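Just below is one structure, and these are the notes that go with it.
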Number of protein chains: 2
Amino acid sequence: MARAGLTTERLTRAGADLADEVGFEQVTVSALARGFDVKVASLYSHVRNSHDLRTRIALLALEELADRAADALAGRAGKDALTALANVYRDYAREHPGRYAATQLRLDPETAAASAGVRHAQMTRAILRGYDLTEPDQTHAVRLLGSVFHGYVTLELGGGFSHSAPDTQETWSRTLDALDALLRNWPAP
Amino acid sequence: MARAGLTTERLTRAGADLADEVGFEQVTVSALARGFDVKVASLYSHVRNSHDLRTRIALLALEELADRAADALAGRAGKDALTALANVYRDYAREHPGRYAATQLRLDPETAAASAGVRHAQMTRAILRGYDLTEPDQTHAVRLLGSVFHGYVTLELGGGFSHSAPDTQETWSRTLDALDALLRNWPAP
DNA sequence: ACTTCTTCCTAAGACCTTTAGGCAAGTGGC
DNA sequence: GCCACTTGCCTAAAGGTCTTAGGAAGAAGT
């Protein structure tokens, strides 16, 4: 019988694609096996279990997203950098909703610490170098930016902003204006 | 055989409690049946299917959350109101993580329109009456506030802010300071 | 008491997850 | 080229969840 050429890598990538097609929640070992035209049990040599598969997809997505962010940030500073990073998140979520959903998977601490998640935090902090913030306000601002990016993207993707004018693109750019203004005039405690 | 006294109401409430205990994703018709010491099929007279159950839990949570918000908002305005509403979300998420997760369930448009979700939007908009914003900026601000509240609460609950100083309570109050400052000095386009 | 409705049950099919053990396709030594 | 060995995919099977169909017993109205 011809071999399908399964690999942890290929399974992870296919799982990510599947997530984008049918939603991250719908990614199942069975569906993945069907996609490779292979019996379900065969996947268990390459992936420990269902949770392992999901975790790998999440790590892949975090990595891809961090790569895009690093690319977008190169050579930019200030509001330019802020906008670029924000757009990376939003665009990635729109292009790859399943992958983006995967990035929200709760990882156990060690896995999270070894993931590209730390690069994301570093890049957000890097943006703040263009503004005049010192600790601990810088950390507060990092968390605020993370909240806005994540919250906005999630709500928009979940349809929370649909069915109402004005359109979301307008809100997005005005939100970035507002964040820029806020960072330039960060209030004293 | 003695009757268990099942009701759509009781199932929904028990489902919400179960969600808080084991996580919304883990809420299953089977687990719910076990809790009532009843066979699984018995639930299907009271709940259409698994998705129906989840939707009901989501609607319950949205309702509870809106009630708390309305309570907290009574008699408050300006930053006082902003803080009160924000704390309602954060506290609810911390007390009832499963219920809060349920509020993120994607509802189909008609269900969403009939849900307490609209009250949430109205209350956020009400807060903005204490600030000097006109349309379309008011809508942009409503969306921004929604993004921050949702994003912050989600990240904090998911452990995104753990393992780093300063503590999240400090960030939370500084975030509210920042939002208040932003709304008072909303940038022109 | 008799009928009727409701509530919960048994039975059964379909799908997903996971483990255990087997055969055959590649891989390396000789 | 042939052997042993490793690896990749398989069959088999057990357990869990979802869902529907149809039956029996408790509750309620006449």
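Protein chains get the first letters and strands the later ones, always in sequence-line order, with residue 1 at the start of each. Everything numeric here is computed off the predicted structure, so don't read it as measured data.
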- Item | Residue-level proximity of residues 32-41 of chain B to DNA chain D when a heavy atom falls under 4.0 Å | B/Arg34, B/Val40, B/Ala41

- Item | Residues touching DNA chain D, which here means a heavy atom under 4.0 Å, drawn from residues 12-30 of chain B | B/Thr28, B/Val29, B/Ser30

- Could you tell me, to 10°, how much the axis swings from one end of the helix from C/dA1-D/dT30 to C/dC30-D/dG1 to the other, five pairs per end? 10°

In whole angstrom, give the distance that lies between atom [atom1] of [X] and atom [atom2] of [N].
{"X": "B/Leu53", "N": "D/dT19", "atom1": "CG", "atom2": "P", "result": "10 Å"}
{"X": "A/Tyr44", "N": "C/dT19", "atom1": "OH", "atom2": "C1'", "result": "10 Å"}
{"X": "B/Asn49", "N": "D/dT19", "atom1": "CG", "atom2": "P", "result": "5 Å"}
{"X": "B/Leu43", "N": "C/dC8", "atom1": "CG", "atom2": "C1'", "result": "10 Å"}

N/O (side chain, [X]) to phosphate O (OP1/OP2, [N]) under 4.0 Å:
{"X": "B/His46", "N": "C/dC8", "result": "yes"}
{"X": "B/Ser50", "N": "D/dC18", "result": "yes"}
{"X": "A/Ser42", "N": "D/dG8", "result": "no"}

Under the rule for side-chain contact (heavy atoms from CB on, under 4.5 Å), what residues qualify as partners of [X], not counting sequence neighbours?
{"X": "A/Arg106", "value": "none"}
{"X": "B/Asp108", "value": "B/Glu110, B/Thr111"}
{"X": "A/Ala121", "value": "none"}

Tell me which donor-acceptor pairs under 3.5 Å the side chains of residues 181-189 of chain A have, and how far apart each pair is, sequence neighbours excluded?
{"residue": "A/Arg184", "atom": "NE", "partner": "A/Asp180", "partner atom": "OD2", "Å": "3.1"}
{"residue": "A/Arg184", "atom": "NH2", "partner": "A/Asp180", "partner atom": "OD2", "Å": "2.8"}
{"residue": "A/Asn185", "atom": "ND2", "partner": "A/Ala181", "partner atom": "O", "Å": "3.3"}
{"residue": "A/Trp186", "atom": "NE1", "partner": "A/Asp137", "partner atom": "OD1", "Å": "3.3"}

- Among residues two or more places apart or on two chains, list those pairs meeting ring pair (Phe, Tyr, Trp, His ring centres under 6.0 Å) that have a residue in residues 60-85 of chain A. none

- Note on the structure: salt bridge (charged side-chain N to carboxylate O under 4.0 Å, His left out) filter on B/Arg10, not counting sequence neighbours, yields none

Under 3.5 Å, sequence neighbours excluded: what are the donor-acceptor pairs made by side chains of residues 38-50 of chain B?
{"residue": "B/Ser42", "atom": "OG", "partner": "B/Lys39", "partner atom": "O", "Å": "3.2"}
{"residue": "B/Asn49", "atom": "OD1", "partner": "B/His51", "partner atom": "N", "Å": "3.1"}
{"residue": "B/Asn49", "atom": "OD1", "partner": "B/Asp52", "partner atom": "N", "Å": "2.8"}

- Message: To the closest 0.5 Å, what do you measure between OG1 (B/Thr83) and CZ (B/Arg90)?
- Response: 12.0 Å

Only distances under 3.5 Å count here; give the side-chain donor-acceptor pairs of residues 26-35 of chain A to other protein atoms, sequence neighbours excluded, each with its distance to 0.1 Å.
{"residue": "A/Thr28", "atom": "OG1", "partner": "A/Ser30", "partner atom": "N", "Å": "3.4"}

- Item | Any B/Thr175 side-chain heavy atom under 4.5 Å of A/Arg143 side chain | no

- Item | A/Phe149: partners by ring-ring contact (aromatic ring centres under 6.0 Å, His included), with sequence neighbours left out | A/Tyr89

